[in-house]
Amino acid sequence: MNGPSEFERRVIAAVRRIPPGRVATYGDVAALAGKPRAARAVGNIMRTAGVPGVPCHRVIGAGGAIGGFGGNVQMKRELLRAEGIEVGIGRVRGFERLRWRPTRRA
DNA sequence: AATCTGACTGTTG
DNA sequence: CCAACAGCCAGAT
């Protein structure tokens, strides 16, 4: 059984070092992993990994799209709010959108 | 090895 | 401002 690939490990490490109260976009994490264009792959890893201790709820879409959270988007929003990030409800390509603006570049 | 999928993103209409 | 389309990427089947 193959362990996590280097890319996956890098992505997890990047997400892991996102400080509380701060967030990063999938593109930012991808860039930190060395592939600024692999935002989609990052999302896939978040979806499959599900590693405890990784604040995956701090990773959001570039336009403020909250993405997913095992379908518990509400919980993800609550977690972000618990970290002092007030979010509003909007709509970005059919997904929920946060009112706050991502830092763009961790 | 080829094909499909999707927690993305930027551009167009 | 919102919806749809196209482009890109790594992992899974």
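We use all heavy atoms of the structure for the numbers below, so side chains are in, but hydrogens, waters and symmetry mates are not. Proteins come first, then strands; the chains are lettered A, B, ... in the order of their sequence lines, and each starts at number 1. Quick caveat: nothing in here was measured; it's all calculated off a predicted structure.
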message = Is A:Lys35 close enough to C:dA10 that one of its side-chain N or O atoms is under 4.0 Å from OP1 or OP2 there?
response = yes

note = Separation of C:dG11 atom P from A:Ile45 atom CD1, nearest Å, is 6 Å

Presence of donor-acceptor pair under 3.5 Å, side chain of A:Arg37 and base of C:dC9 = no

query = Below 4.0 angstrom from OP1 or OP2 of C:dG11, is there any side-chain N or O of A:Ser5?
reply = yes

task = Round to a whole Å and report the spacing from CE of A:Met46 to C1' of B:dG6.
result = 14 Å

remark   = 5'-most contact on DNA chain C (nearest-nucleotide basis), A:Arg40 vs A:Phe7, goes to A:Arg40

inquiry  = If I take atom CD1 in residue A:Ile18 and atom C1' in nucleotide B:dA7, what distance separates them, rounded to the nearest angstrom?
reply    = 13 Å

message = Let's test your reading of the model: under 3.5 Å, does the base of B:dG6 pair with the side chain of A:Asn44 as donor and acceptor?
response = yes

query = Hey, which of A:Ile18, A:Val23, A:Thr25 is the one that makes side-chain contact (heavy atoms from CB on, under 4.5 Å) with A:Val59?
reply = A:Ile18

ask   = Between A:Pro55 and A:Val15, what is the shortest heavy-atom contact and its length?
value = CG-O, 3.4 Å

key: Rounded distance in Å - CG (A:Asn72) to C1' (B:dA7)   = 12 Å

request  = Ignoring the backbone of A:Phe69, work out which of C:dG7, C:dG11, B:dA7 is nearest its side chain.
outcome  = B:dA7

key: Distance in angstrom units between A:Arg9 CZ and C:dG11 P, rounded   = 12 Å

ask   = Tell me: CD of A:Glu6 to P of C:dA10, nearest whole Å?
value = 12 Å

message = Surrounding CD of A:Glu83 (heavy atoms of other residues, nucleotides or ligands, distance under 6.0 Å), is the total greater than 12?
response = yes

request  = Say whether A:Phe69 and A:Ile60 are linked into one hydrophobic cluster, either directly or through other cluster members, by side-chain heavy-atom distances under 4.5 angstrom.
outcome  = no

